[in-house]
Amino acid sequence: MAPAQALEAVPVSPDASVINLLPDLDMYLDVEDRLQVSTAPGPDGIVRRIEVRAISRDHRNWAVFALSNPSDEQIDRILVAPHFRLVGSGIVWPDLGSERIAAITPSQGFPPEREASQDADVFRITLDPGAVVTYMAELSSPRLPQLRLWEPNAYKDSVNAYTLYQGIILGISGLLALFLTIVFVIKGTILFPATAALAWVVLSYVMVDFDFWGEVLQVSPTDDRIYRSATEVLMALMLAVFLFAYLNLNRWHVRYSHVMAGVFLLFLGVLGIAIADPPIAAGIARIALAVIGVAGLAIVGIFAVRGYDRAIMLIPTWSLLLVWLFGAGMAVTGRVDNDIVQPALDGGLVLIVLLIGFTVMQHAFAGGAIAQGLIGDVERSALALVGSGDIVWDWDVSRDRIVVGKEAEQRLGAEAGALQGPPQDWFALLHPQDRDRFRATLDTMVEQRRGRISDGFRLRGVDGHFRWFHLRARPVIGSDGEVIRCVGTLLDVTDTKTREERLLHDSVFDNLTGLPNRMLFLDRLDMAMGWADEETRSRLFVVLVNIDRFSEVNDQFGLSVGDSALLTIGRRLARILKPHDTIARLGGDTFAILLYSDSTELRGFIDHARRLIRTAIEFGDREIFLSASIGIASLRAETANGEELVTDAELAMRRAKRLGGDRGEIYDPLMRKLSATGKSIGVDLRQAVQRDDLALSYRPVVRLVDKDIAGFAVDASWRHPIQGQFTWSSLLPLAEREGLSTPLILSVLERAAQQMHDWTSTNADAAPDFVLVPIPVGGPFRSELVNDVKAVIVRNQLAPGALKLAIGEQVIAQNPEFAVQLMHRLRDVGASLAFDRFGASSTWLSYLERMPVDTIRVDPGYVRVDGRGRRSLLLRSLVSAGQDLGLRVLASGLETDTDALDLLQLGVELAEGDLFGRPLAAPAATRILQDNAAQAAE
């Protein structure tokens with residue numbers, strides 16, 4: 001008896017017309033004739049176990065799924081498992097269909113009722129309001145290619161729609177086969193019976209695929225497999241016979257006849273195999289179809305090069321056949337999965353036979369040869385004009401009347417005769433900018449009595465939109481030397497002009513946001529600098545806005561959400577600009593603003609922009625919080641061009657990002673000098689790590705119940721003698737780039753452990769419970785980290801759990817199995833573990849239960865209040881998830897007493913943020929601990 005895990009119920013909405021249940025199935029193959037199942041949790045949250053016995057000992061395969069009715073009304077649905085699907089059926093030993101579901105047993109209520117259907121297992125399912133029901137489907141075969149839950153009317157409409165399509169295809173195929181048979185009777189050469197036989201085989205295949213035999217003759221799924229296999233074998237055989245007969249290969253060499261005879265006998269043997277073992281025969285037939293298609297193309301190509309007319313005429317049809325074979329191959333291998341694929345392939349197959357019939361008809365009624373030299377030069381020119389698709393344009397100068405092909409009027413949506421008349425009547429339809437040029441062109445042609453017209457203009461359609469036309473014409477000179485008419489062609493070039501305009505637009509505007517791109521922004525900036533006088537130069541600023549940690553949004557939510565966020569930010573920034581200001585997207589997550597402002601108002605503008613960017617962006621039931629690093633540069637006397645001014649703003653923006661982001665920095669000429677020294681920064685950082693020059697700060701982590709300090713979160717910074725201050729967020733990427741992330745983390749761990757030892761040895765009662773050190777993604781998280789942490793704990797004589805490591809979701813996501821094992825080993829050597837930025841990604845639940853953590857650190861984005869005073873709706877769920885697992889919850893980013901009160905009511909135990917003080921140096925943190933101990937003693 002095989003046990004099964006509890007399921008997640010699939011909600012069935014009253015509005016859903018169809019639900020694909022295949023991704024939510026639990027399959028149990030080749031098990032005993034009994035199955036024990038843990039049901040999906042009901043409305044009361046209770047998981048029950050039920051056991052079901054197969055109705056036949058031959059049935060050893062099961063599919064288990066659960067459905068829930070979240071509405072307050074009863075829902076009826078149709079469960080459909082088709083007997084056969086071409087999609088995913090396979091090439092070798094394909095799945096030719098069979099009965100799929102023998103019976104269905106629900107966890108409660110009456111069993112679903114089976115409804116009569118010849119081509120699918122259909123069951124009617126009823127869900128009571130609020131019910132959660134687990135269903136155990138006893139399978140007749142180990143494969144279940146499709147399982148869908150339909151709304152009854154939608155299923156009926158789908159069946160009716162496909163029935164109409166199937167009837168049309170069957171009608172066309174039947175008439176085609178009958179017509180080709182009649183042609184065979186009229187012209188009895190081997191070409192026509194081969195074509196007719198191919199048409200009849202295709203008709204038989206379509207009838208089997210559309211389950212026509214099943215409806216008429218009540219064929220069982222087992223017999224249907226034989227018919228399907230046999231028709232596929234016959235289709236491959238008849239295709240080879242047609243190619244042999246059409247190209248008349250026996251005329252070229254007797255060996256072709258021998259080969260064809262061998263192929264015929266071989267396929268007759270395969271046809272016999274179809275009765276005994278249909279999948280083997282069908283697999284051979286499908287491979288043979290591909291081989292015949294490729295080999296046939298080679299044969300047709302060889303004979304076409306030799307100038308054989310029949311081969312030349314067969315190239316388009318055979319190319320279409322190869323396209324059909326490629327599509328069929330994509331379908332049977334499962335690379336193309338759609339309900340319309342199978343009917344479309346059937347229709348395409350009939351179309352190919354129809355084209356083959358047309359090709360054969362040409363030989364039937366034209367003697368089998370392409371007529372040569374039967375048209376004159378005038379007729380040939382007329383046919384070429386029709387084939388080119390150009391519109392005839394004729395101006396009778398003596399009568400002053402223009403005659404245009406009706407195609408032009410159709411393109412404009414105008415009435416018949418609207419473009420027929422004197423040239424003056426055209427002026428009302430011409431674009432105002434084209435009227436004078438058009439009139440001058442005609443007048444010049446008449447006056448000079450020579451030349452040719454090659455010009456474009458726009459004509460207004462009935463809908464008010466203009467279409468582009470290109471006129472090519474030349475004059476016809478009469479016996480008196482005067483122009484009597486001007487004749488040419490008119491070509492609709494609207495699509496070409498539209499593409500040109502789109503390319504021109506895309507060359508200067510950003511495709512995503514529609515804002516100017518870097519090229520257009522620099523052009524406008526250069527123009528503004530050129531027009532600036534002494535007064536306006538002081539009011540011209542370039543503001544560069546770069547979104548902080550924007551790559552995390554793309555990683556966590558996807559590129560589409562990231563693009564939506566960029567659109568939102570671009571629109572927010574555009575709303576606060578004045579008409580003479582310009583905003584552009586320079587690429588990626590960087591925006592540039594050409595701003596005219598007084599220096600006194602500049603800081604207010606930057607603060608306003610920061611607030612707009614920090615406002616939450618809602619996405620579904622999630623909220624995205626972003627910040628930006630802003631660089632500002634003003635126009636200086638020595639600024640050479642706009643590119644240099646943008647570079648100044650970029651240097652200021654990088655300065656803001658190094659200082660932690662979410663701030664604005666104004667360009668200082670010293671920044672350009674400092675940027676040239678960037679190559680030595682890696683060496684300086686290595687020396688700083690070796691000399692312990694990093695400055696550690698300690699952010700208090702308090703218990704919300706009594707506001708006592710439970711521990712400290714460790715942060716590190718470094719002041720470069722030239723580049724200035726590097727915060728923890730800017731220091732980690734620098735260390736990772738220079739290969740110093742591991743020495744940096746070990747240095748921080750050692751110094752934090754030493755400080756924890758000092759606090760414990762000096763006054764154990766006043767010492768905090770732990771120090772929290774974040775472990776970043778990259779080099780530090782490796783197997784050697786266990787021995788390093790153990791050595792730190794032993795050297796500093798720390799109690800178990802006193803050194804707490806914060807592990808982020810990105811660290812775990814790189815290699816979950818390795819991460820979980822490594823975390824267990826870290827806990828065994830005495831470290832305690834916290835899940836950092838809990839909830840920042842949708843994948844955290846998949847890791848949480850497996851990790852040996854004792855604390856979860858909630859991402860600050862869930863704690864912040866948005867612009868409407870609301871806190872994230874998921875905060876309660878995150879806290880509850882931690883409590884249910886017996887973990888301590890640490891909330892980050894608290895700023896107000898309201899935050900502390902709300903989180904305390906939710907059950908949060910620990911918290912950190914500006915509300916409890918900014919990061920402190922070690923002496924200041926020690927004094928706070930001593931003061932708290934003294935107050936407690938009093």
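By the side chain to side chain contact (heavy atoms under 4.5 Å, CB included) test, Ser761 pairs with His757, sequence neighbours left out. Applying the salt bridge (Lys or Arg N to Asp or Glu O under 4.0 Å) test to Asp662 and every residue at least two apart in sequence or in another chain returns Arg610, Arg614. When the side chain to side chain contact (heavy atoms under 4.5 Å, CB included) test is applied to Ala592, the partners found at least two apart in sequence or on another chain are Phe521, Leu544, Leu586. Checked against side-chain hydrogen bond (donor to acceptor under 3.5 Å, both in side chains), Ser71 has the following partners two or more places apart in sequence or in another chain: Asn69. Taking Arg699 as the reference, Asp914 meet the salt bridge (Lys or Arg N to Asp or Glu O under 4.0 Å) condition, with sequence neighbours excluded. Asp769 pairs by the salt bridge (Lys or Arg N to Asp or Glu O under 4.0 Å) definition with Arg703, not counting sequence neighbours. A search for side chain to side chain contact (heavy atoms under 4.5 Å, CB included) contacts involving Ala656 returns Ser629, Arg663, Glu665, not counting sequence neighbours. When the side-chain hydrogen bond (donor to acceptor under 3.5 Å, both in side chains) test is applied to Arg795, the partners found at least two apart in sequence or on another chain are Glu750. With sequence neighbours left out, the side chain to side chain contact (heavy atoms under 4.5 Å, CB included) criterion links Thr762 to no other residue. Residues satisfying the ring pair (Phe, Tyr, Trp, His ring centres under 6.0 Å) test with Tyr698, not counting sequence neighbours, are Trp759.
Although no hydrogens or angles enter the test, the distance criterion places a donor-acceptor pair under 3.5 Å between the side chain of Thr513 and the main chain of Leu515. Although no hydrogens or angles enter the test, the distance criterion places a donor-acceptor pair under 3.5 Å between the side chain of Arg751 and the main chain of Leu694. When atom types are taken as modelled, the side chain of Asp902 and the backbone of Asp899 share no donor-acceptor pair closer than 3.5 angstrom. Within the 3.5 Å criterion, the main-chain N or O of Gln930 finds no donor-acceptor partner in the side chain of Arg927. Judged by distance alone, the side chain of Asp581 and the main-chain N or O of Leu577 form no donor-acceptor pair under 3.5 Å.
Annotation: the span from Leu696 atom CG to Trp718 atom CH2 amounts to 15.0 Å, rounded to 0.5 Å. Put simply, CZ on Phe541 and CD1 on Ile606 are 9.5 Å apart, with the number rounded to the nearest 0.5 Å. Atoms OG1 and CE, on Thr760 and Met756 in that order, are 4.5 Å from each other to the nearest 0.5 Å. One distance of note links CG of Leu567 with CG of Leu512; it measures 4.5 Å at 0.5 Å rounding. Atoms CD1 and CG, on Ile775 and Leu785 in that order, are 5.5 Å from each other to the nearest 0.5 Å. A distance of 7.0 Å separates CG of Asp836 from OG of Ser892, quoted to the nearest 0.5 Å.
With Leu626 as reference, Val553 is the one residue of Thr615, Val553, Asp548 to meet the side chain to side chain contact (heavy atoms under 4.5 Å, CB included) rule. When each of Val701, Leu929, Val773 is tested with Phe712 by the rule side chain to side chain contact (heavy atoms under 4.5 Å, CB included), just one qualifies, namely Leu929.
Of all heavy-atom pairs between Gly882 and Ile856, the closest is CA-CD1, 3.5 Å. Taking both residues in full, the closest heavy atoms of Ser747 and Asp692 are given as OG-OD1, 3.2 Å, listed atom of the first, atom of the second, then distance. Annotation for Val542 and Ala649: closest pair O-CB, 3.8 Å, computed over non-hydrogen atoms. Heavy atoms only, all atoms of each residue included: Phe591 and Gly570 are closest at CE2-CA, 3.9 Å. Closest of all the heavy-atom pairs between Gly562 and Asn554 is CA-OD1, 3.4 Å. Scanning all heavy atoms of the two residues, the minimum distance from Val879 to Gly907 falls at CG1-C, 4.3 Å.
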Start with the C-alpha gap between Asn546 and Asp589, add the side-chain angles, then the distance that decides, and say whether side chain to side chain donor-acceptor pair (under 3.5 Å) holds. CA-CA 6 Å; Asn546 182 265; Asp589 53 359; 3.1 Å; yes
Mind running side-chain contact (heavy atoms from CB on, under 4.5 Å) on Arg888 and Leu910 for me, showing each step along the way? CA-CA 7 Å; Arg888 305 175 75 182; Leu910 305 174; 3.7 Å; yes
Would you sort out whether Ile632 and Leu602 count as a side-chain contact (heavy atoms from CB on, under 4.5 Å), showing the intermediate values? CA-CA 9 Å; Ile632 308 101; Leu602 184 61; 3.6 Å; yes
The test is side-chain contact (heavy atoms from CB on, under 4.5 Å); show your working for Leu704 and Leu903 and say whether it passes. CA-CA 8 Å; Leu704 288 179; Leu903 294 176; 4.0 Å; yes
Could you go through the side-chain contact (heavy atoms from CB on, under 4.5 Å) check for Glu650 and Met653 one step at a time? CA-CA 5 Å; Glu650 186 176 1; Met653 180 268 292; 4.1 Å; yes
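Applying the 6.0 Å contact sphere to CZ of Arg918 captures no more than 12 heavy atoms from other residues, nucleotides or ligands.
Counting only heavy atoms from C-beta outward, the side chains of Leu772 and Arg857 approach each other to under 4.5 Å. Residues Val132 and Thr39 have side chains not in contact (no heavy-atom distance under 4.5 Å, counting atoms from C-beta outward). Two residues are said to be in side-chain contact when any heavy atoms from C-beta on lie closer than 4.5 Å; Val786 and Arg825 meet this criterion. Side chains of Val702 and Asp708 form no contact here, defined as non-hydrogen atoms less than 4.5 Å apart. Side-chain contact between Val771 and Gln755: absent, with no pair of heavy atoms (C-beta onward) separated by less than 4.5 Å. Looking at heavy atoms from C-beta onward, Val829 lies out of side-chain contact with Asn787 at the 4.5 angstrom threshold. You'll find the side chain of Glu623 stays beyond 4.5 Å of the side chain of Ile617, heavy atoms only. Within the 4.5 Å cutoff, the side chain of Leu595 has heavy atoms near those of the Phe605 side chain.
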Which pairs of donor and acceptor atoms, one on a side chain in residues 798-808, lie under 3.5 Å apart (sequence neighbours left out)?
{"from": "Lys804", "atom 1": "NZ", "to": "Ser832", "atom 2": "OG", "distance (Å)": "3.3"}
{"from": "Lys804", "atom 1": "NZ", "to": "Asp854", "atom 2": "OD1", "distance (Å)": "2.8"}
{"from": "Lys804", "atom 1": "NZ", "to": "Thr855", "atom 2": "OG1", "distance (Å)": "3.2"}

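Among residues at least two apart or in separate chains, there is no side chain to side chain donor-acceptor pair (under 3.5 Å) pair with a member in residues 566-576.
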